[in-house]
Enquirer: 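Take a look at this one; I'll ask things after.
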Amino acid sequence: MSRLLIKHARVVDPSQRLDEGLDILVADGKIARLAERIDDREATVLDGTGLVAAPGFVDLHVHLREPGFEYKETVKTGTAAAVAGGFTAVCCMPNTQPVNDSAAVTEFIRARAAEAGLARVHPIGAVSKNLEGTELAEMGEMVRAGAVAFSDDGKPVQNAYLMRRALEYAQLFDVPVVDHCEDRDLAAKGVMHEGAVSTRLGLRGIPAAAEEVMAARDCVLAELTGGRVHVAHVSTRGALERVHEAKGRGVAVTCEVTPHHLALTDQAVADSEYDTDTKMNPPLRGAEHVDALIHGVLDGTVDCLATDHAPHHADEKALEFDLAPFGVVGLETAVPVTYDLLVRRHKLPLRLYVALWSTNPARLFRLPGGTLKVGSPADVTLLDLEARTTVNPDRFRSASRNTPFAGQRLKGWPAATVVGGKVVWRRERK
Amino acid sequence: MHRVQVLDARGISRALERMAAELVEQVGDEKLLYFVGVQTRGVPLARRLANLVADATGHEPPVGALDISLYRDDVGPWRAAHQQPILRDTELPVAIDKKVICLVDDVLYTGRTVRAALDTLMDYGRPQAIRLAVLIDRGHRELPVAADYVGRVVPTSRAEDVQVHLKESDGEEGVWIAKEVGK
Amino acid sequence: MSAQAAARLRGKDLVGIDPLSAGEIQLLLDTAEQMRDIAARPIKKVPALRGKTVVNLFFEASTRTRFSFEVAEKRLSADSLNFAATASSVSKGETLIDTALNLEAMQPDFIVLRHQYAGAPHQLARILKSSVINAGDGAHEHPTQALLDALTIRLKRGTLEGLVVAIVGDLQHSRVVRSNILLLSRMGAKVRVAGPPSLIPPGMGEMGCEVYGRMEDAIAGADVVMMLRIQLERQGRMNFPTVREYYDFFALTPERLKLARKDCLVMHPGPMNRGVEIDSRVADGPQSVILEQVTNGVAVRMAVLYLLAGGHGEPTAD
């Protein structure tokens, strides 16, 4: 493989506290050299003028839908969407068909990813067999096959006893358990956030308490067992407070927040007049929760961002609000939505923003990457922070189009994505 | 907007007096008379005619009001109008059966309003006869309708607008022909 | 705040009270009042909607509302067609949208929709050219019910402004209460709602009313008391224990009615659960206007059809 030379970019690498104009030389799929000026006649040059070069972004929470739901997304289309969104690696959830509760399915997914040759895929295995919440799945076999964490997402691990044992058992493999915190009884078949908006719209609500109750439980169990809990898609002030408090006492709990939970409130359901692209679980919350999440990101309580990319076919979303499945895609809007909100509006320093998408998630799940140190895999995300364009779902690489951000004009977009030294995606120049 | 007066307050009174006299002469039995004004300006005119007949004969004919919006032909499937007309009151204090209805309106133009008024009335009963009295006949009939009693014939062009103002509804009395400047 | 009646309705549909201005509500009520007179005529029919086709698309069983719409449609000489679907979900083979698009291929002018899921009328209104009229969507709204309730009150009291209206019952699941809160508060009435605390949805006060956990507090001195049907069929026993307990604490009995003003109106959207939320003595008593509500329902629905048939958009200068 020929060498790659990324020139004139502003290199922002939180792992090395770097923020300066540097050239990056890539050889044999690894970072070979970082210096102010590198000349290499034989290398392919990628012009990074005006761009930011960061460690490859990692999305800890996506649904690739394969095997079983290929009409919504496949590993190939999903990883194409990932690299178009600036992501060099994704972790995919096990709620496929068959469920990823075995080494066989884990291997299948990894093989598909290798065939596609785009973003790296690190599967998340199921906590319980077939996601039924009654028996532990073969964590060890799955870790051997490449699983990096365990979860029953889009379901909670409702049974506290099972969660406890899962946290204990997972320590054998030093992997975290990712919980979709939702007390199913309290949620009571709700379809949006319970509050003044759900009342006005006549829709059943999911109270914030449903998330907080389970997040609190998981913090207690993490403390009890010494295991690692990662709270998926935190959406409420209360859950965030529990996580913050537990961290303060040294409990091994971490959390992620999605772009849509930062950018939108439950009012979006009303404003869009029941548009099902505003329906997801956990739901868009009231303003007081969104404010708390933004502050949590700014003050470091939130460890990382993750999209919970959940593709659904247009026919499925074209049902009544009560009946439409939960979920929105997110890979191809993640960067512009969060950059616009966090860095431009809330003045989050760029290196912290980059860390939320790369260094932090890689560290949390102990993944290779999240750094541009010499010798590390050449996964690089290039960003054009001046680019301004409108979100157009028809141009998505994902097989699905269910986004609440269609038509929004945003600033700060991915420009190119490099995985293992190969440029797997570049923004089309107009 | 350029307007020319064709009838003043006195002119209106004289016209109505003459029409009332003709009515009384031709009806035979004034107790059969029943004045029904087409909303809106037909209503005060109907009242005035009824009072004039009462003065002349000593008998006070009943007066009713008719709203024809629900029978118009320009808001059905061949709708030309872009909004539904506001519904106003229809009040027929006495049954119309066997009466000689005198339908009263301010302006007779295409005849479509009268057609709608006839259809509205027919759904209320079976009068012995229906006569039509209008203050102004401005021509341009589109249906075979003719007034029995006319205050004044005023030839107009289609670009012109006939404005009948009555003190009951408009504060002033008179009939004007108005035209958009430049037409 | 007395509303100046609008000249027309702005939208092509009636999906709820929420998008309507006070002026549009006034126009609907004024027009409905005129429509009442048609029922008093020897020929209870006018040709205003002759040649128009109305499809009554009812996914939820409702004989009385559908019947009321049918009478309204026929009195305006429209052609009325009934499509009684029993379920809309994909498991039955055809989605709501497909059903509607198939119907639209036959070019109806109006679709009157009753559906068990909130937001269904909005979905249809977006994709269909026909005018969509919401006859009840889940727990969201029932706009013609609120209009007929308001008309009934206005005919008895002359105005809505300044009246104290108490609405009592299962607030969580009621679309009638939501539409009524919006309409009455927008027209200057003071709305109080009451129900068992386990059936009060959060933030209802923000819609324009005061919320009470005890019925007596809401109806004290009220000009109108509106009782909601307790949704027995949807009632999980986790929200409320028994019918007997409901009667003991939340029924409109003659004793409780005395707490309101002497001439307080008694209303109910129907169908009534006699002996559950309302005592028969009250339902059949002199203050009850429940049957007038039904009569006014036809007039209101005629007004809605008539005004929507007239085209839409901002009124042109006369």
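Worth knowing before you read on, the calculation uses all heavy atoms, side chains too, and leaves out hydrogens, waters and symmetry mates. Remember, it's a predicted structure, so these values are computed and weren't measured experimentally.
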Enquirer: Tell me, with the steps shown, if B/Asp89 and C/Gln34 meet side chain to side chain donor-acceptor pair (under 3.5 Å).
Expert: CA-CA 7 Å; B/Asp89 292 335; C/Gln34 294 295 351; 2.7 Å; yes

Enquirer: If you count every heavy atom of other residues, nucleotides or ligands that lies below 6.0 Å from B/Leu143 atom CG, does the total exceed 12?
Expert: yes

Enquirer: What are the two closest non-hydrogen atoms of B/Tyr71 and C/Arg41, and how far apart are they?
Expert: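 Distance-wise, the nearest heavy atoms are OH-NH1, 3.4 Å.
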
Enquirer: For B/Glu172, does the CD atom have more than 12 heavy-atom neighbours from other residues, nucleotides or ligands under 6.0 Å away?
Expert: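 Correct, the count exceeds 12.
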
Enquirer: Given heavy-atom pairs under 4.5 angstrom as the criterion, report whether the side chain, backbone, both or neither of C/Lys44 touches chain B.
Expert: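 Contact with chain B involves no heavy atom of C/Lys44 at all.
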
Enquirer: Crowded around C/Gln107 CD? As in, over 12 foreign heavy atoms under 6.0 Å?
Expert: no

Enquirer: According to ring pair (Phe, Tyr, Trp, His ring centres under 6.0 Å), does anything in residues 124-178 of chain B pair up with another residue at least two apart or in another chain? List the pairs.
Expert: B/His165-B/Trp176

Enquirer: What is the distance from atom CG of B/Leu87 to atom OH of C/Tyr306, rounded to the nearest 0.5 Å?
Expert: 4.0 Å

Enquirer: Please determine whether the number of non-hydrogen atoms from other residues, nucleotides or ligands lying under 6.0 Å from atom CZ of B/Arg10 exceeds 12.
Expert: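 No, the 6.0 Å shell around CZ holds no more than 12 heavy atoms from other groups.
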
Enquirer: Nearest 0.5 Å, please: how far is CG in C/Asp30 from CD1 in B/Ile86?
Expert: 8.0 Å

Enquirer: Which value, rounded to the nearest 0.5 Å, describes the distance between B/Leu70 atom CG and C/Lys45 atom NZ?
Expert: 13.0 Å

